[in-house]
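Since the structure comes first, as structure tokens, the remarks are kept for the end.
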Amino acid sequence: MSDIHSFIRRLPKAELHLHLEGTVTPATLVELSQRHDATPITLPEAEALYHFTDFTGFLLAFKAVSERLITPGDYELAAWRMSQHLAEQGVVHAEVYISVGVIYHWRNPDPDCFDPIFAGLERARLRAENELGLTLYWILDAVRHFPLDEAEKVFRKAAELHASHPSVIGIGLGGDERRCGSEPFRDMYARAREAGLRLTNHAGETTGPEAIWEALSIGSERLGHALSTIRDPKLIEHLKAQNICLELNPTSNVRTGVCPSFREHPLRQYFDAGLLVTINSDDPAFFGSDLAGEYALAHSEQGFSRAELRQLAANSIRASFLPDVTKRSWLSQITEAH
Ligand code: ADE
Ligand code: ZN
């Protein structure tokens, strides 16, 4: 019998909730700072940035990293390093959030300023596919608590790029749910769907189940975090009946202070209730975990057996936006992994 860590590594897995900006390690941040800052930050300063204690502190750290991702080359570097790390963990496919809302808000309001950055991301994606056998899709993420017209620009850019680049698969909404729910985005989600984009949404991370109902009511197909689902039995029944995917991020929730410990995360209860749960790493460089780490913690903290870990991996492929034929191929390889 091989040990659990090598079993986890060999399991073909998909990451469905991963922010590119959140994969930038302190060492890479120093490198980016050396490219851009008159007085570059030191490694201890970069490490200190990642030591937040609550959700607001986390959002500030996320902003500090985003501010140093500037050129197409910066994005290409970040996406390539992210891909290498994913491949090392046995991740075969990732659907990666790009915080385009942050770019428009903090750096440049011109919607087309994203085009050269996207070209850099695509270079990294193609290299990852060729050299690592890892496939990537992009999900363009707006920030819900920024002005609505900025989200509108993000989603329009997503629709425009999707028409010529199938790698742009969908849209998402991150940011602070306590400051803005989903209702204001109803029409934008409808238009994104008409453009052929898939609809994801952060919901119920720092807010109650009502925010999850609201996210569902505007057509969200996959829910990020959905931590507060556990407080609403009717919602659990509904998610099960509709086979809605939950993109859970247990370590992220512990580190941003919205869940007391991995052991107390409702992952196990959702899984046992038969929901389509996936585990994900969200912002792994910030939280000191990665996808393989989340699988290992599911095993050690919540008693997930090998068969159950296999089920989590299968869920990640099923809930991905990959074509059915590709899903079938990965699912049969998951069955065979030992
Ligand atoms: N952006 C990056 N990570 C996020 C999270 N966990 N919640 C909301 N917005 C985010
Ligand atoms: Zn997230």
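One-based numbering, in listed order, for ligands and for the atoms of each.
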- Query: Quick check, are the ring centers of His238 and Trp213 under 6.0 angstrom apart?
  - Reply: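 For His238 and Trp213, the ring centres are under 6.0 Å apart.
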- Query: Do Phe304 and Tyr295 have ring centroids that are under 6.0 Å from one another?
  - Reply: no
Which donor-acceptor pairs under 3.5 Å do side chains of residues 40-54 form with protein atoms, sequence neighbours excluded?
unit_1: Thr42; atom_1: OG1; unit_2: Glu45; atom_2: N; d: 3.2
unit_1: Thr42; atom_1: OG1; unit_2: Glu45; atom_2: OE1; d: 3.4
unit_1: Glu45; atom_1: OE1; unit_2: Thr42; atom_2: N; d: 2.9
unit_1: Tyr50; atom_1: OH; unit_2: Val24; atom_2: O; d: 2.6
unit_1: Asp54; atom_1: OD1; unit_2: Thr56; atom_2: N; d: 3.4
unit_1: Asp54; atom_1: OD1; unit_2: Gly57; atom_2: N; d: 2.8

- Indicate the ring-plane relationship of His265 and Phe262, choosing parallel, tilted or perpendicular according to the 30° and 60° boundaries. tilted
- Task: Measure the acute angle between the ring planes of Tyr97 and His202, then classify it against the limits of 30° and 60° as parallel, tilted or perpendicular.
- Result: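 If you compare the ring of Tyr97 with that of His202, the planes turn out tilted.
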- Note on the structure: Atoms of type N, O or S from protein under 2.8 Å of the Zn ion (ligand 2), total 4
Can you give me a line-by-line list of nitrogen or oxygen pairs between ligand 1 and the protein shorter than 3.5 Å?
unit_1: ligand 1; atom_1: 3 (N); unit_2: His19; atom_2: NE2; d: 3.3
unit_1: ligand 1; atom_1: 3 (N); unit_2: Asp283; atom_2: OD2; d: 2.9
unit_1: ligand 1; atom_1: 6 (N); unit_2: Glu205; atom_2: OE2; d: 2.9
unit_1: ligand 1; atom_1: 6 (N); unit_2: His225; atom_2: NE2; d: 3.2
unit_1: ligand 1; atom_1: 6 (N); unit_2: Asp282; atom_2: OD2; d: 2.8
unit_1: ligand 1; atom_1: 7 (N); unit_2: Glu205; atom_2: OE1; d: 2.7
unit_1: ligand 1; atom_1: 7 (N); unit_2: Glu205; atom_2: OE2; d: 3.4
unit_1: ligand 1; atom_1: 9 (N); unit_2: Gly175; atom_2: N; d: 2.9

- Not counting sequence neighbours, which residues clear ring-ring contact (aromatic ring centres under 6.0 Å, His included) with His105? List them please. Phe146
- Message: Tell me whether Arg68 is salt-bridged to Asp74, with the criterion being a basic N under 4.0 Å from an acidic carboxylate O.
- Response: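 Asp74 and Arg68: not salt-bridged.
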- Query: Think Lys153 forms a cation-pi with Tyr104, using NZ or CZ under 6.0 Å from the six-ring centre and within 45 degrees of its axis?
  - Reply: yes
- Message: Would you say Leu59 ends up clustered with Val254 if hydrophobic residues are merged whenever their side chains have heavy atoms under 4.5 Å apart, either directly or through other cluster members?
- Response: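 Different hydrophobic clusters.
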